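This is a predicted model, so every value here is computed, not measured.
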Amino acid sequence: MRIRHVSPPQFVLSIGLLARGNDRTLVNWEQAFADAQVAERVRPIVEPSNEQNLDRLTAGLSAA
């Protein structure tokens, strides 16, 4: 899955899911910003937010 965030800050989010057997999935999460300086400025917000999103995904899948 690829999502293009077109309003500032502009980035492309790519998410890949790969089955690893025994109810396990490898998640590849890549967020590429159009501007490296912007990426560094928003890093303190983006990294913990992405961790929260992945934690919620894990919790949701574990409950299913």
Atom pair CD (Glu51) and CD (Glu47), whose distance is rounded to the nearest 0.5 Å: 8.0 Å

Neighbour count above 12 (heavy atom, 6.0 Å) for Arg56 CZ: yes

Shared hydrophobic cluster, Val46 / Leu13 (ILVMFWY, side-chain heavy atoms < 4.5 Å): yes

Joint cluster assignment, Trp29 & Val42, ILVMFWY side-chain distance < 4.5 Å: yes

Parallel, tilted or perpendicular: ring planes of His5 versus Phe11, cut at 30 and 60 degrees: parallel

Single-linkage hydrophobic cluster Ile45~Ile3, side-chain heavy atoms < 4.5 angstrom: no

Atom pair CG/CD1 of Leu57 and Ile15 - distance to nearest 0.5 Å: 8.5 Å

Asp23 atom CG, over 12 foreign heavy atoms within 6.0 Å: no

ILVMFWY network linking Leu54 to Met1, side-chain heavy atoms under 4.5 angstrom: yes

Residue pair Asp35 / Gln10, side-chain heavy-atom distance below 4.5 Å: no

Short side-chain to backbone donor-acceptor contact, Asn22 and Arg24, under 3.5 Å: no

Closest non-hydrogen atom pair, Arg43 against Pro48: O-CD, 3.9 Å

